[in-house]
Structure formats: structure tokens, C-alpha cells
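What follows is a set of notes on a single structure, which appears directly below.
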Amino acid sequence: MRFEDLDVRKRAARLSTAVYQQLTNCRDFGFKDQITRSALSIASNIAEGYERATYRDGIKFLTYAKGSSGEFRTQVYVGMEAGFIDPEVGRHWVAESKAISMMLYRLIESFSA
């Protein structure tokens, strides 16, 4: 299977795109840079893991992707508190990030089996 075919990668890429679009006018460039990087890192690490030569390397990068999902959720919570992210949008992103994390957990488990 190619990484392009993975539903988890597709969802992570859509989430990253939504973050970029939603925060286009955010003037806190430090916050904007950090949250867009963490969102982009989820999909990027999934792709990198699938392109690695060994299962061990693949699992490592899928684990990085899962970690980036947690980092992203933390930044969403901070962004909602600071008023940078609409709470309704933020709750959707949190839910989507949790779903992606669960998908990654299952994918990592399948590699480990």
C-alpha cells in the first residue's frame, strides 16, 4: 500500500489544510507557525514512515505523527483560550485529531504484530 492511499494520511492532510486556511489572518505569527507546523507534521510523518525501508523505522515515524497530533491538540486548546481559534472550530479539530491518533495507534499496532 502507498501512503497516498491511507485514510489516516488523507484525514491528517485535510486537517492541516483546514488549519492553514482558518489561520490565514492570524497576526500572532509565532503561534500560527507552531500550530501549522504541528498539523503538517502529522501527515508528513505518516508519509515518511511509509517510505522507510524497515518496519522499525516506519513505526518510529508513525509514533512521531501520533506525538505531533498530541502537540497539535495542546496548541488548539491554547489557541481557543487566547481567542485565536473559534471554539466550535477548535472542538472539531480536537475531535479530528483524537480520531487520527486512534487510527495511528491501530496502524502502529498492526506494524508491531
According to a hydrophobic-cluster definition based on side-chain heavy atoms being under 4.5 Å apart (Ile, Leu, Val, Met, Phe, Trp, Tyr only), do [X] and [Y] belong together?
{"X": "Tyr64", "Y": "Leu15", "result": "no"}
{"X": "Leu107", "Y": "Phe61", "result": "no"}
{"X": "Val8", "Y": "Met102", "result": "no"}
{"X": "Ile46", "Y": "Leu40", "result": "no"}
{"X": "Val89", "Y": "Tyr77", "result": "yes"}

Contacts of Tyr105 that satisfy ring-ring contact (aromatic ring centres under 6.0 Å, His included) - sequence neighbours left out: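 By the ring-ring contact (aromatic ring centres under 6.0 Å, His included) rule, Tyr105 matches no residue at all.
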Whether the side chain of [X] engages the backbone of [Y] through a donor-acceptor N/O pair (distance < 3.5 Å, no angle test) should be reported.
{"X": "Ser69", "Y": "Ala65", "answer": "no"}
{"X": "Ser101", "Y": "Ser97", "answer": "yes"}
{"X": "Asp57", "Y": "Ala53", "answer": "no"}
{"X": "Lys32", "Y": "Arg27", "answer": "no"}

Run Asp5 and Tyr50 through side chain to side chain contact (heavy atoms under 4.5 Å, CB included) and show every step you take. CA-CA 11 Å; Asp5 299 326; Tyr50 256 71; over 6 Å; no
If I take atom [atom1] from residue [X] and atom [atom2] from residue [Y], how far apart are they, to the nearest 0.5 angstrom?
{"X": "Arg11", "Y": "Leu6", "atom1": "CZ", "atom2": "CG", "answer": "13.0 Å"}
{"X": "Ile100", "Y": "Ser68", "atom1": "CD1", "atom2": "OG", "answer": "11.5 Å"}
{"X": "Gln75", "Y": "Gln34", "atom1": "CD", "atom2": "CD", "answer": "5.0 Å"}
{"X": "Ile59", "Y": "Glu109", "atom1": "CD1", "atom2": "CD", "answer": "9.0 Å"}
{"X": "Tyr20", "Y": "Ile35", "atom1": "OH", "atom2": "CD1", "answer": "11.0 Å"}
{"X": "Lys60", "Y": "Glu48", "atom1": "NZ", "atom2": "CD", "answer": "8.5 Å"}

Do the rings of Tyr55 and Phe111 sit parallel, tilted or perpendicular, given the 30° and 60° boundaries?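 Ring orientation of Tyr55 relative to Phe111: perpendicular.
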Parallel under 30°, tilted from 30 to 60°, perpendicular over 60°: which one fits the rings of Phe72 and Trp93?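 Judged by the thresholds at 30° and 60°, the geometry between Phe72 and Trp93 is tilted.
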Please tell me whether Glu71 and Ser38 have a donor and an acceptor in their side chains that are separated by less than 3.5 angstrom.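 No, because no side-chain N or O of Glu71 sits under 3.5 Å from a partner of the opposite role on Ser38.
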If you count every heavy atom of other residues, nucleotides or ligands that lies below 6.0 Å from [X] atom [atom1], does the total exceed 12?
{"X": "Glu88", "atom1": "CD", "result": "no"}
{"X": "Arg37", "atom1": "CZ", "result": "no"}
{"X": "Lys98", "atom1": "NZ", "result": "no"}

Heavy-atom side-chain proximity of Leu23 to Ile85 below 4.5 angstrom: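 Counting from C-beta outward, Leu23 and Ile85 do come under 4.5 Å.
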May I have the step-by-step check of side chain to side chain contact (heavy atoms under 4.5 Å, CB included) for Val94 and Arg91, ending in yes or no? CA-CA 5 Å; Val94 166; Arg91 285 190 295 275; 5.6 Å; no
